[in-house]
Enquirer: 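Below are the structure tokens for one structure; questions will follow.
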Amino acid sequence: MISNFDLSIEVSERYDFNKNALKEINQNIWVKNQWPLVYFIQNESKRVAYVGESTNFSNRIQNHLANPKKANAFNQISIIGSDKFNKSATLDIESKLIQYISSEGTYELQNGNHGLINHNYYQQDLYKNLFKDIWSKLVENKIVSKSLEEIENSELFKYSPYKSLNENQYNSVLEIIEALTEKNPIKYSLKVVQEQGRQFWRPI
């Protein structure tokens with residue numbers, strides 16, 4: 001029953017981001033049970049951060065620590081988990097965190113913006129308020145400071161390069177890329193399309 005679908009989330013303490021902390025991190029309930037989760041790696045003094053998601057975080061963090069660029073850039077990590085998470089939900093939350101944190105201003109995100117897309121998934125409506133809870137806990141933990149409303153009204157958010165595309169926009173981008181990379185591209189025209197307050201080119 002939907003009425004019994006109780007969504008709650010947990011934002012962990014900040015763990016050290018190094019190989020010596022792996023044993024402690026692997027004892028986190030969501031990591032230990034290989035549950036889908038979202039994570040936030042940061043360095044407050046350098047004001048840089050990275051947002052990710054994983055269904056096998058033990059392997060993912062070892063890969064991150066084996067990457068000299070990430071191992072040297074970051075020094076703390078927080079884990080965001082819930083017993084109601086699934087792969088689609090964590091991808092959605094990861095995408096939203098990237099959008100909002102990039103516009104919030106505390107950190108410079110080290111994420112790329114490739115592949116961010118708004119998509120539908122099973123029981124998506126039940127997760128609609130979960131992101132607000134996650135953001136509130138990030139504010140409580142002093143990871144971010146601005147409210148969602150402040151961010152949404154900012155120019156940085158409106159024109160963020162990390163804004164997710166809807167499916168039509170995403171498919172249009174793919175069409176353009178495919179046409180431009182053909183060996184003998186045919187000549188075609190583009191028109192400006194306005195969707196959700198954003199302009200983009202589309203083949204006609």
Enquirer: Quickly, which of L109, V144, L138 forms a side chain to side chain contact (heavy atoms under 4.5 Å, CB included) with L97? Name it, please.
Expert: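 Exactly one pass, corresponding to L138.
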
Enquirer: For A89 versus N86, what's the shortest heavy-atom pair and its separation?
Expert: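 Heavy atoms of A89 and N86 come nearest at N-OD1, 2.8 Å.
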
Enquirer: How many angstroms lie between atom CD1 of I80 and atom CZ of F85, to the nearest 0.5 angstrom?
Expert: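 Answer for the CD1-CZ pair, I80 versus F85, is 7.0 Å.
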
Enquirer: Could you grab the distance from atom CD1 of I77 to atom CG of N43, nearest 0.5 Å is fine?
Expert: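 The distance works out to 13.0 Å.
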
Enquirer: Taking all non-hydrogen atoms of both residues, which atom of F17 and which atom of K70 are closest, and how far apart?
Expert: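 Scanning both residues completely, I find the closest heavy atoms to be CE2-O, 3.6 Å.
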
Enquirer: Would you call R60 and E53 a salt bridge, taking side-chain N to carboxylate O under 4.0 Å as the test?
Expert: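 So R60 does not pair with E53 through a salt bridge.
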
Enquirer: Give a yes or no on whether W35 atom CH2 has more than 12 heavy-atom contacts from other residues, nucleotides or ligands under 6.0 Å away.
Expert: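 No, the 6.0 Å shell around CH2 holds no more than 12 heavy atoms from other groups.
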
Enquirer: Side chains of N18 and F74, heavy atoms from C-beta outward: is any pair under 4.5 Å?
Expert: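 No. Closest side-chain heavy atoms not under 4.5 Å.
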
Enquirer: Heavy atoms only: give me the nearest S12-N141 pair and the separation to one decimal.
Expert: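 Of all heavy-atom pairs spanning S12 and N141, the closest is O-ND2, 3.9 Å.
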
Enquirer: Return yes if some donor-acceptor pair links the side-chain N/O of Q27 with the main-chain N/O of E24 below 3.5 Å, else return no.
Expert: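 Checking the backbone N and O of E24 against the side chain of Q27, no donor-acceptor pair under 3.5 Å is found.
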
Enquirer: Less than 4.5 Å apart, side chain to side chain, heavy atoms only: is that true for I143 and S78?
Expert: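 Yes, their side chains come closer than 4.5 Å.
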
Enquirer: Verify the ring-centre separation between Y39 and H64: is it less than 6.0 angstrom?
Expert: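 Yes: the rings meet the under 6.0 Å criterion.
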
Enquirer: I need the I9 CD1 to I93 CD1 distance, nearest 0.5 Å.
Expert: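 I9 CD1 to I93 CD1: 8.0 Å, rounded to 0.5 Å.
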
Enquirer: With a cut-off of 6.0 Å (strictly less than), are more than 12 heavy atoms of other residues, nucleotides or ligands near CD of E152?
Expert: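 Yes, because the 6.0 Å sphere around CD of E152 holds more than 12 heavy atoms from other groups.
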
Enquirer: Considering only heavy atoms from C-beta outward, does the side chain of E94 approach that of I98 to under 4.5 Å?
Expert: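 Contact flag for E94/I98 side chains = yes.
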
Enquirer: Can you tell me how far apart CD1 (I101) and OG1 (T106) are? Round to the nearest 0.5 Å.
Expert: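 I101 atom CD1 to T106 atom OG1 measures 9.0 Å (nearest 0.5 Å).
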
Enquirer: Measuring only between side-chain heavy atoms, which start at C-beta, is K87 closer than 4.5 Å to T55?
Expert: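 Counting from C-beta outward, K87 and T55 do come under 4.5 Å.
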
Enquirer: Looking only at atom types and distance, does a side-chain atom of D92 sit under 3.5 Å from a main-chain N or O of S88, one as donor and one as acceptor?
Expert: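 Flag not set: sc D92 to bb S88 has no pair under 3.5 Å.
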
Enquirer: Check whether any side-chain heavy atom of Q62 lies under 4.5 Å from a side-chain heavy atom of L22, and answer yes or no.
Expert: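 Heavy-atom side-chain distance check passes, below 4.5 Å.
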
Enquirer: How far apart are the C-alpha atoms of N56 and S58, what are their side-chain angles, what is the distance that settles it, and do they pass the side-chain hydrogen bond (donor to acceptor under 3.5 Å, both in side chains) test?
Expert: CA-CA 6 Å; N56 189 341; S58 293; 4.8 Å; no

Enquirer: Grab the two heavy atoms, one from D16 and one from A21, that are nearest each other, plus how far apart they are.
Expert: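 In this case the closest contact between D16 and A21 is O-CB, 3.2 Å.
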
Enquirer: After noting the C-alpha distance and the side-chain angles of Y107 and E44, does the key distance pass the side-chain hydrogen bond (donor to acceptor under 3.5 Å, both in side chains) rule?
Expert: CA-CA 8 Å; Y107 296 99; E44 279 189 87; 4.5 Å; no

Enquirer: Kindly give the heavy-atom pair with the smallest separation between A66 and P68, and that separation in Å.
Expert: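 In terms of heavy atoms, the two residues are closest at O-CD, 3.2 Å.
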
Enquirer: Can you name the nearest heavy-atom pair linking S145 to V139, along with the distance?
Expert: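 Taking every non-hydrogen atom into account, O-CG1, 4.5 Å.
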
Enquirer: Looking only at the aromatic ring of each residue, does the gap between the centers of F40 and Y50 stay below 6.0 angstrom?
Expert: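 Between F40 and Y50, which both carry aromatic rings, the centre distance is not below 6.0 Å.
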
Enquirer: What's the separation between atom CG in L91 and atom NZ in K96, rounded to the nearest 0.5 Å?
Expert: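 The distance works out to 11.0 Å.
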
Enquirer: Using side-chain contact (heavy atoms from CB on, under 4.5 Å), reason through I25 and I79 one step at a time and then give a plain yes or no.
Expert: CA-CA 9 Å; I25 293 171; I79 295 165; 4.0 Å; yes

Enquirer: Is the backbone of N75 close enough, under 3.5 Å, to the side chain of R14 for a donor and an acceptor to pair up by distance?
Expert: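 No; judged by distance alone, with no hydrogens or angles, the pair does not exist.
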
Enquirer: Check whether K146 reaches the backbone of E104 with its side chain - one donor and one acceptor, N or O, closer than 3.5 Å.
Expert: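 Yes, because the side chain of K146 sits within donor-acceptor range (under 3.5 Å) of the backbone of E104.
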
Enquirer: Tell me if the NZ atom of K32 is crowded by more than 12 foreign heavy atoms within 6.0 Å.
Expert: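 No - once you tally the heavy atoms of other residues, nucleotides and ligands closer than 6.0 Å, there are 12 at most.
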
Enquirer: Would you compute the distance between atom CH2 of W30 and atom OG of S82 and round it to the nearest 0.5 angstrom?
Expert: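 Those atoms lie 5.5 Å apart.
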
